[in-house]
Amino acid sequence: MEIRVRFAPSPTGPLHIGGARSALFNYLWARKNKGTFIVRSEDTDLERSSRESEHNILESLRWLNIQWGEGIEVGGEHGPYRQTDRLDLYREYTKKLIESGHAYLCYCSEEELEQERKDLTAKGETPRYMGKCRHLTQEQRAGFEAEGRKPVVRFRVPEGQAIHINDQVRGDVVFESDGIGDYVIVKSDGIPTYNFAVVIDDTTMNVTQVIRGEEHLSNTPRQVLIYQALGLSVPEFAHISLIMNTEGRKMSKRDGDTAVIDYRKKGYLPEAIVNFIALLGWSPSGEKEFYTLDELAEEFSLERVSKSPAVFDFQKLNYINSHYIKQTEPERLAQLAIPYVQQVGVFSAEEPSAEQQQWLIGVMKAIADKISYLAEVKDFVHYFHGDTPLEPQGEALEVLKGEQITSVFELFRGKVQEVEELSEATVKTLLKQITKELKLGGKLVYMPIRVALTGQMHGPELYDIIPLLGRENVLKRLEITEKRHLG
RNA sequence: GGCCCGUUGGUCAAGCGGCCUAAGACACCGCCCUUUCACGGCGGCUACACGGGUUCGAAUCCCGUACGGGUCACCA
């Protein structure tokens, strides 16, 4: 049988890391089994859903290169793929359930329900609906209607039934139906609730495996009950553990960057994000730690999905991202870095000139092994651009007080002026010549020049900085330092 | 509170009854390389939540306790 899986986000916000991981696992599982990956939109929460969020989610998936073969925007045989476009379908099934006695109309008001919940909680019982409207007569219903009450549809939960869930990650999980009250499947405005719509969608879309976050595990028996009432076959489930923050709680917006778009904006590479989230809750059998999407699709298995929650570790993410940055061609890095160079005002909002692009490529070559994500280029551009060095502080200031300073600077200036072209090679030899001619240790030559040109004791290699700065800026920076610190 | 899930080092994790005086990675610390930082290389640190069973033998199986999480909505 063809494996069919799906990712069904509700478009109430941007795609979060946890959602991205669910999508990824579904996608990988589909590819591994040569099945189909479906994306649909669960937008039955009219209040909070928006097309903007839906768009953001889809964009984030595309950015991660998680492609779906069927679903929203790409179409397919089982559409439409937005729940609000499927209302007629749900109505059909609602009718079936009511006619077969598996569901009934309920006219209870919010206050009544609230009270019931309170009472049950006070007694130490699970707050649930106790079935007040289970056996309304025709007259009672008419009465409520006359009052102007709008009914909801509730599912009649059978008594004394054990509900087994075949979970690929957790094994056989059993729930007792008695712990579940009759729950709403259609709201008073006629819109189905999640637990109902999800069943109808999964069944009509022939979904064979439901891979989703663990927060859905407790809801699963409600869904299974609906499958059974309708006489439908129940899919297999796989509930993936949650992603936690550093405090061990479910990751939420308060923990900073939780949306995929946040990472995109900071200049993380999509292949790094994919690699990282794949390793959150899943582990390969070997010791390899860097995986392309293709390799993941090859290796992925539900068996190796962890039961226990994973903590989102920023340091590990940075490690993985910096690995990918080092591997990426400088041309692509430069392209991705443009916005950050614009943000610090070194590039204008316009398309950078060919010359600027060349310069940026050089910069990226020089700093590729020093940054964890692209937004960090903002902290590095000052090394390579402009005629004014940063003001040296503390130790750097001390460096400029050495006795050899004047002669080092003189020689350096002369050589920079004389040399035909400033390149990595010429700068390297030029610096070496200074140490030889003055018979000084490297540190006594390199460090003052570094401080003179950058104001800093650390940074990219001098032979990278000097050519990119250009002769004019180098001389200007040297001059400024001399004026500022050598009287 | 009821129900459900989970618990190997600071973090991610391997481990499916003997190969475990428990792998690997991140982080951290030290050394080497180096003009500095970083990169890279080498080495080190630190873990089976607790208590009972079962077994010749348990991180691995069972039970209980503790702790963490999820869920109990006309949210998904």
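Protein chains get the first letters and strands the later ones, always in sequence-line order, with residue 1 at the start of each.
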Trainee: Can you establish whether the number of heavy atoms outside A/Glu295 located under 6.0 Å from its atom CD is more than 12?
Mentor: yes
Trainee: Do A/Lys316 and B/A27 share a donor-acceptor pair, side chain to base, under 3.5 Å?
Mentor: no
Trainee: Send over the distance from A/Leu453 CG to B/U36 C1', rounded to a whole Å.
Mentor: 14 Å
Trainee: Watson-Crick or G-U wobble partner for B/U46, using a 3.5 Å limit on both distances?
Mentor: none
Trainee: Suppose you measure atom P in B/C50 against the same atom in B/A59; what distance do you get, rounded to whole Å?
Mentor: 11 Å
Trainee: Does this structure show an ion pair linking A/Lys401 with A/Glu398, if we count only N-O contacts that are shorter than 4.0 Å?
Mentor: yes
Trainee: Checking contacts here: which listed nucleotide (B/C74, B/U71, B/C75) is nearest the side-chain heavy atoms of A/Arg48?
Mentor: B/C75
Trainee: Rounded to whole angstroms, how far apart are NE2 on A/His216 and C1' on B/G70?
Mentor: 11 Å
Trainee: Between B/A58 and B/A22, how far apart are the C1' atoms? Round to whole Å, please.
Mentor: 13 Å
Trainee: With the side chain of A/Asn219 defined as its heavy atoms from C-beta on, choose the nearest nucleotide among B/A23, B/U71, B/C74.
Mentor: B/U71
Trainee: Provide the distance between the two P atoms, one in B/G15 and one in B/C33, to the nearest whole Å.
Mentor: 40 Å
Trainee: Could you tell me the separation between the CD atom of A/Gln315 and the P atom of B/A38, rounded to a whole number of Å?
Mentor: 15 Å
Trainee: Suppose we call a contact any N or O donor and acceptor under 3.5 Å apart; does that hold for the side chain of A/Ser188 and the base of B/C74?
Mentor: yes
Trainee: May I have the distance from A/Leu46 (atom CG) to B/A73 (atom P), rounded to whole angstrom?
Mentor: 21 Å
Trainee: Taking a pair as Watson-Crick or G-U wobble with both distances under 3.5 Å, which nucleotide is matched to B/G24?
Mentor: B/C12
Trainee: With rounding to whole Å, what would you report as the distance between B/C39 and B/C29 at their P atoms?
Mentor: 12 Å
Trainee: Can you tell me whether the side chain of A/Ser218 and the base of B/G70 have a donor-acceptor pair closer than 3.5 Å?
Mentor: yes
Trainee: Whole-Å distance between B/A76 C1' and A/Asp45 CG?
Mentor: 7 Å
Trainee: Hey, is the side chain of A/Ser308 poking within less than 4.0 Å of OP1 or OP2 on B/G69, counting only N and O atoms?
Mentor: no
Trainee: When both hydrogen-bonding distances must be under 3.5 Å and the geometry is Watson-Crick or G-U wobble, what is B/A58 paired with, if anything?
Mentor: none
Trainee: Look at the side chain of A/Ser306 and decide which nucleotide, out of B/A13, B/U36, B/A76, has an atom nearest to it.
Mentor: B/A13
Trainee: Would you say NZ of A/Lys288 has more than 12 non-hydrogen atoms from neighbouring residues, nucleotides or ligands within 6.0 angstrom?
Mentor: yes
Trainee: Apply side chain to side chain donor-acceptor pair (under 3.5 Å) to the pair A/Glu271 and A/Asn275, showing each step before the final yes or no.
Mentor: CA-CA 6 Å; A/Glu271 55 270 43; A/Asn275 197 146; over 6 Å; no
Trainee: Whole Å only: how far is the CG atom of A/Leu400 from the C1' atom of B/U36?
Mentor: 15 Å
Trainee: Give A/Thr44 one of three labels, base, sugar-phosphate or nothing, depending on what nucleic acid heavy atoms sit under 4.0 Å from its own.
Mentor: sugar-phosphate
Trainee: Is there a Watson-Crick or G-U wobble partner for B/C67 with both distances under 3.5 Å, and if so, which one is it?
Mentor: B/G6
Trainee: Should we say atom NE2 of A/His216 is surrounded by more than 12 heavy atoms from elsewhere, each under 6.0 Å from it?
Mentor: yes
Trainee: So, is A/Tyr319 close to the B/C26 phosphate, meaning a side-chain N or O under 4.0 Å from OP1 or OP2?
Mentor: yes
Trainee: Nearest to the side chain of A/His458, heavy atoms from C-beta on, is which of B/U36, B/C5, B/G6?
Mentor: B/U36
Trainee: Figure out the NE2/P separation between A/His239 and B/C3, and round it to whole Å.
Mentor: 20 Å
Trainee: Could you work out the separation of B/G41 and B/U34 based on their C1' atoms and round it to a whole Å?
Mentor: 13 Å
Trainee: Looking only at side-chain N and O atoms, does A/Lys187 come under 4.0 Å of OP1 or OP2 in B/C75?
Mentor: yes
Trainee: Searching all strands shown, indicate the nucleotide that pairs with B/C72 (Watson-Crick or G-U wobble; both distances under 3.5 Å).
Mentor: B/G1
Trainee: Tell me which one of A/Asn219, A/Thr220, A/Asn26 satisfies side-chain hydrogen bond (donor to acceptor under 3.5 Å, both in side chains) with A/Arg212.
Mentor: A/Thr220
Trainee: Among B/A13, B/A76, B/C37, find the nucleotide with the atom closest to the side chain of A/Glu461.
Mentor: B/C37
Trainee: Kindly indicate whether the side chain of A/Asp313 and the base of B/A27 share any N or O donor-acceptor pair separated by less than 3.5 Å?
Mentor: no
Trainee: With rounding to whole Å, what would you report as the distance between B/U60 and B/U54 at their C1' atoms?
Mentor: 13 Å
Trainee: Do A/Arg477 and A/Ile466 have side chains that approach each other closer than 4.5 Å (heavy atoms only, starting at C-beta)?
Mentor: no
Trainee: OP1, OP2 of B/A14 versus side-chain N and O of A/Ser283: anything below 4.0 Å?
Mentor: yes
Trainee: At 4.0 Å (heavy atoms only), tell me whether A/Val173 reaches a base, stays on the sugar-phosphate, or touches nothing.
Mentor: sugar-phosphate
Trainee: What's the gap between B/C37 and B/C32 when it is taken at their P atoms, as a whole Å value?
Mentor: 12 Å
Trainee: Can any side-chain N or O of A/Arg40 pair as donor or acceptor with the backbone N or O of A/Gly71 at less than 3.5 Å?
Mentor: no
Trainee: Let me spell it out: for each of A/Val186 and A/Leu242, pick the nucleotide of RNA chain B with the closest heavy atom. Which residue's pick is nearer the 5' end?
Mentor: A/Leu242
Trainee: Of the nucleotides B/G6, B/G69, B/U36, which one has an atom closest to the side chain of A/Arg170?
Mentor: B/G6
Trainee: Any base atoms under 4.0 Å from A/Gly281, or only sugar-phosphate, or nothing? Heavy atoms, all strands.
Mentor: sugar-phosphate
Trainee: Any strand counts, and the cut-off is 3.5 Å on both contacts for Watson-Crick or G-U wobble. Which nucleotide pairs with B/A38?
Mentor: none
Trainee: On the nucleotide B/G15, are OP1 or OP2 found under 4.0 Å from the side-chain N or O atoms that A/Arg304 carries?
Mentor: yes
Trainee: Once you round it to whole Å, what is the distance between P of B/C39 and NZ of A/Lys326?
Mentor: 7 Å
Trainee: Taking B/C48 as the reference, what is the distance to B/A14 when you measure between their C1' atoms (whole Å, please)?
Mentor: 12 Å
Trainee: Could you label the plane-to-plane angle of the A/Trp282 and A/Tyr291 rings as parallel, tilted or perpendicular, counting under 30° as parallel and over 60° as perpendicular?
Mentor: perpendicular
